[in-house]
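To start, the structure under review is shown below, and the notes come after it.
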There are 2 protein chains.
Amino acid sequence: MNKDDINILKQSPIFSALNENEVQDLVSLVKERRLVPDEVIFWEEDPSDWFYIVLKGKVKVTKMTSAGKEIILSFFGSGEMIGEVAVFENKPYPASAQSMTESRLVSIRKSDFLKFLLKHPEVSLKTIGILSGRLRESQSRLRDLAGEKVEQRLARLVLMLSYKLGSTLPFTRQDLSDMAGTTTETAIRVLSQWKERSIIRSVRGKIIIADESKLKLIAEGPPLV
Amino acid sequence: MNKDDINILKQSPIFSALNENEVQDLVSLVKERRLVPDEVIFWEEDPSDWFYIVLKGKVKVTKMTSAGKEIILSFFGSGEMIGEVAVFENKPYPASAQSMTESRLVSIRKSDFLKFLLKHPEVSLKTIGILSGRLRESQSRLRDLAGEKVEQRLARLVLMLSYKLGSTLPFTRQDLSDMAGTTTETAIRVLSQWKERSIIRSVRGKIIIADESKLKLIAEGPPLV
DNA sequence: CGCCTATTTGAAAACCGTCAAAGTATGTGG
DNA sequence: CCACATACTTTGACGGTTTTCAAATAGGCG
């Protein structure tokens with residue numbers, strides 16, 4: 001691994017508390033994995049021997065419905081970890097992971113990582129923080145999916161993504177619909193309307209938020225009265 | 001706290017690794033809280049100074065939709081912890097918690113608990129395990145809500161609850177609909193049909209699973225071809 | 001017995017998914 | 001550099017699922 005890669009690990013949320021020596025310890029445990037676009041990292045139900053940290057690229061984590069429709073649970077980029085749930089539970093992966101662009105990961109064997117955790121309690125605490133954040137986000141999306149209408153769900157999704165990634169979102173309408181639990185056609189219809197109302201602009205595969213405040217109004221839904 | 005209560009703590013998933021002395025340390029930090037039915041423990045967005053462990057009773061954790069509909073995120077019983085996400089993130093509670101029956105909890109001040117965690121790395125690991133399990137469950141429900149039809153969602157929900165609580169479920173149709181992200185009327189229509197098909201029996205406020213295998217078939221959905 | 005909550009049923013309508021067909025960028029290979 | 005393949009976007013019509021609104025019945029507790 002080169003210096004840049006090691007820096008990504010050092011600055012990642014989970015390992016940011018480690019000093020130079022500890023990072024070196026960690027580096028001795030990892031293997032690098034290079035991915036072409038759309039390569040599968042692991043499938044749901046595979047035995048979970050490894051967990052991963054993204055160095056570069058974009059990775060999606062998905063589950064299939066019984067009808068074969070893909071649901072995107074989340075996206076991960078540089079410095080974020082994947083497959084952690086399986087590692088800490090000693091069960092198969094609960095979801096699949098796949099690269100969306102050319103990507104590079106580091107992989108760490110589950111047993112090595114657990115040993116590392118026991119030696120480094122600060123990393124445990126960081127891990128708890130990360131898991132808490134993911135649980136919070138997951139529960140917020142649960143509420144949206146269980147109770148909000150499609151347009152509101154899409155608005156909330158787009159806002160949430162923009163907080164994380166900025167006002168230009170590198171997603172297709174299909175990506176959005178797979179995240180919002182709707183269909184491509186419906187996502188297109190909603191976004192077309194937003195485009196007419198100058199709430200967004202868009203080019204193929206990208207969505208640019210033009211009027212965040214209007215989007216927030218939609219996200220909040222119609223007044224209760 | 002009496003011996004029985006202390007035993008509940010000792011046997012709870014999070015503290016099961018502690019020895020006698022460590023449990024005593026813990027007990028010195030806790031306060032007991034008694035709840036009448038339907039008493040609110042904390043509201044979503046309240047500052048999160050405490051986290052809780054259920055000694056006895058049944059507690060629901062909920063979020064509201066923008067239209068004021070209640071969505072039940074989960075139920076907790078004896079030995080389970082509530083409010084953990086907020087504690088580890090230093091943010092307000094992400095959801096509300098309310099007793100469903102007469103209940104008793106112990107509460108631990110956030111700062112005390114974090115200190116305790118630093119002294120007891122095994123508890124950190126247990127916590128990671130519990131959070132992972134909750135994340136796994138939350139993501140599974142995300143998939144269901146995003147992609148499955150109402151009857152399948154209800155079937156999966158009932159099965160999931162029965163794995164946790166046994167074949168007699170102490171929930172009203174409204175509880176189920178608030179969990180499955182549908183309406184009371186729809187839940188009633190689906191369950192009535194199940195009753196006719198002898199898949200369940202029911203008395204006011206309770207549902208008894210009579211034919212788990214049929215329920216599993218419904219949960220899997222129609223055959224793909 | 002009376003009240004409150006849970007359960008039930010019906011009819012109409014809204015919302016969204018499905019299916020089908022076509023237009024439009026992007027990149028690749030010849 | 002153009003032609004073609006591919007993936008993304010768009011539009012329309014139809015229908016099914018589920019919600020909504022309304023009203024009625026029934027079980028349990030004081």
Side-chain angles (χ1 to χ4, degrees), chain A residues 36-38 60 65-72 98 100-102 144-155 157 169-197 200-208 218 221-222 224, chain B residues 36-38 65-72 100-102 144-155 157 169-196 200-208 218 221-222 224-225:
Chain A
V36 298
D38 296 317
K60 68 179 173 185
T65 67
S66 62
K69 191 182 153 189
E70 180 175 289
I71 305 295
I72 298 180
Q98 191 178 5
M100 304 188 76
T101 61
E102 196 173 307
D144 291 350
L145 285 167
E148 309 292 0
K149 302 240 181 282
V150 165
E151 188 176 13
Q152 281 179 67
R153 293 212 299 271
L154 283 167
L157 174 67
L169 302 175
F171 298 108
T172 66
R173 276 107 225 266
Q174 194 182 123
D175 291 334
L176 290 186
S177 63
D178 288 347
M179 283 185 267
T182 181
T183 58
T184 312
E185 293 93 330
T186 297
I188 284 169
R189 279 183 242 268
V190 171
L191 292 224
S192 299
Q193 219 205 359
W194 290 355
K195 210 195 300 195
E196 268 173 35
R197 295 164 61 191
I200 58 165
R201 281 174 294 132
S202 81
V203 291
R204 194 189 174 81
K206 283 190 182 160
I207 292 146
I208 300 117
I218 295 171
L224 278 180
Chain B
V36 298
D38 297 317
T65 67
S66 62
K69 193 182 151 191
E70 180 176 287
I71 304 295
I72 298 179
M100 302 187 76
T101 62
E102 196 173 307
D144 291 351
L145 284 168
E148 310 291 0
K149 300 236 183 284
V150 165
E151 188 176 15
Q152 281 180 66
R153 293 211 299 270
L154 283 167
L157 175 67
L169 302 176
F171 298 110
T172 66
R173 279 105 225 266
Q174 192 181 127
D175 292 335
L176 289 186
S177 63
D178 288 346
M179 284 186 267
T182 180
T183 57
T184 312
E185 293 93 331
T186 299
I188 284 169
R189 279 183 241 269
V190 171
L191 292 226
S192 299
Q193 219 206 0
W194 290 355
K195 210 193 301 191
E196 268 174 33
I200 59 166
R201 282 175 294 130
S202 79
V203 292
R204 193 188 174 83
K206 283 191 182 160
I207 293 146
I208 299 118
I218 295 172
L224 278 184
V225 176

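In what follows, chains are A, B, ... by sequence order, proteins preceding strands, each numbered from 1.
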Length of the [atom1]-[atom2] vector between [X] and [N], whole Å:
X: A:Arg189; N: C:dT18; atom1: CZ; atom2: C1'; value: 10 Å
X: A:Glu185; N: C:dT18; atom1: CD; atom2: P; value: 8 Å
X: B:Lys195; N: C:dA6; atom1: NZ; atom2: P; value: 15 Å
X: A:Arg204; N: C:dG23; atom1: CZ; atom2: P; value: 16 Å
X: A:Ile188; N: C:dT18; atom1: CD1; atom2: P; value: 14 Å
X: B:Glu148; N: C:dC16; atom1: CD; atom2: P; value: 18 Å
X: A:Leu191; N: C:dC16; atom1: CG; atom2: P; value: 14 Å

Discussion item. Can you give me the bend angle of the helix from C:dC1-D:dG30 to C:dG30-D:dC1? Use the axis through the first five pairs and the one through the last five, nearest 10 degrees.
Written reply: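 It works out to 40° between the end axes.
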Between [atom1] of [X] and [atom2] of [Y], what distance do you get to the nearest 0.5 Å?
X: A:Phe171; Y: A:Met100; atom1: CZ; atom2: CE; value: 6.5 Å
X: B:Arg153; Y: B:Thr186; atom1: CZ; atom2: OG1; value: 9.5 Å
X: A:Leu176; Y: A:Ile207; atom1: CG; atom2: CD1; value: 4.0 Å
X: A:Met179; Y: A:Lys60; atom1: CE; atom2: NZ; value: 9.5 Å
X: A:Lys149; Y: A:Leu154; atom1: NZ; atom2: CG; value: 13.5 Å
X: A:Thr184; Y: A:Arg173; atom1: OG1; atom2: CZ; value: 11.0 Å

Where [X] and [Y] come nearest, the two heavy atoms and their spacing:
X: B:Ala180; Y: B:Leu145; value: O-CD2, 3.2 Å
X: A:Gly147; Y: B:Thr65; value: CA-CG2, 3.5 Å
X: B:Ile218; Y: B:Ala155; value: CG2-CB, 3.8 Å

Worksheet item: When you measure from every atom of DNA chain C, which of residues 171-184 of chain A have a heavy atom less than 4.0 Å away?
Response: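 Those residues whose heavy atoms fall under 4.0 Å from DNA chain C, taken from residues 171-184 of chain A in numerical order, are A:Gly181, A:Thr182, A:Thr183.
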Practice prompt. Give A:Lys69 one of three labels, base, sugar-phosphate or nothing, depending on what nucleic acid heavy atoms sit under 4.0 Å from its own.
Written response: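 Answer is nothing: A:Lys69 stays at 4.0 Å or more from every strand.
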Discussion item. Below the 4.0 Å mark, does C:dG17 have OP1 or OP2 next to a side-chain nitrogen or oxygen of A:Thr186?
Written reply: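 True: A:Thr186 side-chain N/O within range (under 4.0 Å) of C:dG17 OP1/OP2.
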Discussion item. If we ignore hydrogens and angles and just use 3.5 Å, is the side chain of B:Glu148 paired with the main-chain N or O of A:Ser66 as donor and acceptor?
Written reply: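 Answer holds: yes.
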Fill in: Donor-acceptor contact present, side-chain B:Asp175 to main-chain B:Thr172, <3.5 Å
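Pair found, side chain donor or acceptor close to backbone of B:Thr172.
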Worksheet entry | Along DNA chain D, first and last positions that approach a heavy atom of chain B under 4.0 Å |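 From 5' to 3', the first and last contacting nucleotides are D:dT17 to D:dG28.
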